[in-house]
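Okay, so here's the structure we're looking at.
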There are 2 protein chains.
Amino acid sequence: MKKQSLEDRRESLGETVTAGIRRLLVEGEFTPGQRLSEIALCERLGVSRNTLREAFRTLAHEGLVTHQPHRGVFVTRPDAASIVEIYRLRRFIECRALSEAWPSHPAVKEMRTAVEDARTYRERQDWLAVGTANMAFHGAIVALGDSARLDDFFRQVLAELRLAFGLMSDKEWLHAPYVEMNQQVLETFEKGDTKAAVALLEQYLAQSERIVLAAWERQGAS
Amino acid sequence: MKKQSLEDRRESLGETVTAGIRRLLVEGEFTPGQRLSEIALCERLGVSRNTLREAFRTLAHEGLVTHQPHRGVFVTRPDAASIVEIYRLRRFIECRALSEAWPSHPAVKEMRTAVEDARTYRERQDWLAVGTANMAFHGAIVALGDSARLDDFFRQVLAELRLAFGLMSDKEWLHAPYVEMNQQVLETFEKGDTKAAVALLEQYLAQSERIVLAAWERQGAS
DNA sequence: GTCAGGGCTATTGTTGAACAATCGATACGG
DNA sequence: CCGTATCGATTGTTCAACAATAGCCCTGAC
């Protein structure tokens, strides 16, 4: 099979495939717990098994996918403990990054962009995009900490959390309320009241955790 | 080529290879910046190129190795900015984990074990092992935070830092002083004076950063 | 002598096929 | 009903081939 030559891609095919599967996972194309057949995905993506397996390794390392030897790779199904752990991590990382942030840090602009994007998509009722903008907002908060390694790690954790969102049907209820809260956090922070902004963020995260956990208990038994 | 049947390994060959290369890397078998030829490593490890490439993907994701398309994978050569960033991360993570720790957390036992191991190896002048025990000590501190994801991330960051150690020749000077300091941190913490323990740890990390940075400037120009 | 250009070579990127190893299910016998 | 042997499907791993690229050397013009 020939493909390579559709575009002059700078990244290798393997990386393209990894990014593609990651997108499918985060957007909820697959159901948590579902097995990802090598052969089926090979054909769907038009790549060889070896290339696909390289992508699987990366995704497994990111936690989006779980590898069980001789059984296959499965879409990670977050359990309640994981959700709790991830929110604890988020409070740990985000709150600290925000509280120590330099007020005119470049990432503040990214925060504002994310808020505006979220408002736009909310009007169109594009909840998937609203969720992505939400992630970008919180990613920007972590970026205030000026650590590329922490940024990557945080993105990864957020992507894993988003897998749990796939268990829920009501996307509007899941994402819409936070558009306003994000904006409130941002405005409070820009006003110079860092302490209050952190408190808002903490409250935000606690509420989000409750909602996600509740939905998990209803839908994702086991 | 047959191999597989020497032992009844539970983990796949690919994971064995990944772990093996990782060990070689952190033990300083390779020089930072050195190119790792696929063919040479294939033969040395007795695996196929595909399997080796899967391992490379994982290690690149961990940051121990840098992939340059169509040029090969190179042992990551930490720059000064990376060293500074990693120490900032360490202060961020370790100090917070220690300050919020439950005094009788199981990981405290691991901390003590690591301190004792370090003393043992120091007597034998086995500085590589002392360094490993040191890493275990700090890994145990992070484990106080009860987050498996953070533990993994931290281990990864520490492994990357250890690459920089490979640039230095005087291993004794690099590792020996911290055996006592680790013990001091542990004893202060066990005495119940968490605040003082955190202060000690912070001072420890600052000193370590200075030493590593100084050595980097001397040896690893560019 | 130096620099630009062009091809050569070694290496990486990717594929497809082959076989071994293992898991799960099914069928069989007690 | 339960244990066990067998079988099929899937994963694990290797190999060989070819495409694509980067770096090198060699040539030639100025």
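Below, all heavy atoms of this structure are taken into account, side chains as well, without hydrogens, waters or symmetry copies. Protein chains get the first letters and strands the later ones, always in sequence-line order, with residue 1 at the start of each.
Per the geometry, NE2 belonging to His70(B) stands 14 Å off C1' belonging to dC18(D), to the nearest Å. Remark: P of dT10(D) and CD of Glu38(A) are 11 Å apart, rounded to the nearest angstrom. Distance, Leu13(A) CG to dG16(C) P: 11 Å, rounded to whole Å. In this structure, Leu45(A) places its CG atom 15 Å from C1' of dT15(C), rounding to the nearest Å. Note: CD1 (Ile39(A)) to C1' (dG16(C)) measures 13 Å, nearest angstrom.
Within residues 50-62 of chain B, the residues having any heavy atom under 4.0 Å from DNA chain C are, by residue number, Asn50(B), Arg53(B).
With sequence neighbours left out, the side chain to side chain donor-acceptor pair (under 3.5 Å) criterion links Arg124(A) to no other residue. With sequence neighbours excluded, the residues forming a side chain to side chain donor-acceptor pair (under 3.5 Å) with Tyr204(A) are His138(A), Asn182(A), listed by chain and number. With sequence neighbours excluded, the residues that form a side chain to side chain donor-acceptor pair (under 3.5 Å) with Arg44(B) are Glu29(B). Partners of Asp146(B) by side chain to side chain donor-acceptor pair (under 3.5 Å), not counting sequence neighbours, listed by chain and number: His105(B).
If you check distances only, the side chain of Arg49(A) does reach the base of dG12(D) with a donor-acceptor pair under 3.5 Å.
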*Step by step, would you call Arg53(A) with Thr51(B) a side chain to side chain donor-acceptor pair (under 3.5 Å)?*
CA-CA 10 Å; Arg53(A) 286 169 61 83; Thr51(B) 301; over 6 Å; no

Distance-only check: which donor-acceptor pairs under 3.5 Å involve side-chain atoms of residues 107-118 of chain B, not counting sequence neighbours?
| from | atom 1 | to | atom 2 | distance (Å) |
| --- | --- | --- | --- | --- |
| Arg112(B) | NE | Glu190(B) | OE2 | 3.3 |
| Arg112(B) | NH2 | Glu190(B) | OE2 | 2.1 |
| Thr113(B) | OG1 | Lys109(B) | O | 3.0 |

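Contact check, Arg71(B) against dG23(D): a side-chain N or O comes under 4.0 Å of OP1 or OP2. Taking 4.0 angstrom as the limit, His67(A) places a side-chain polar atom (N or O) nearer than this to OP1 or OP2 of dG12(D).
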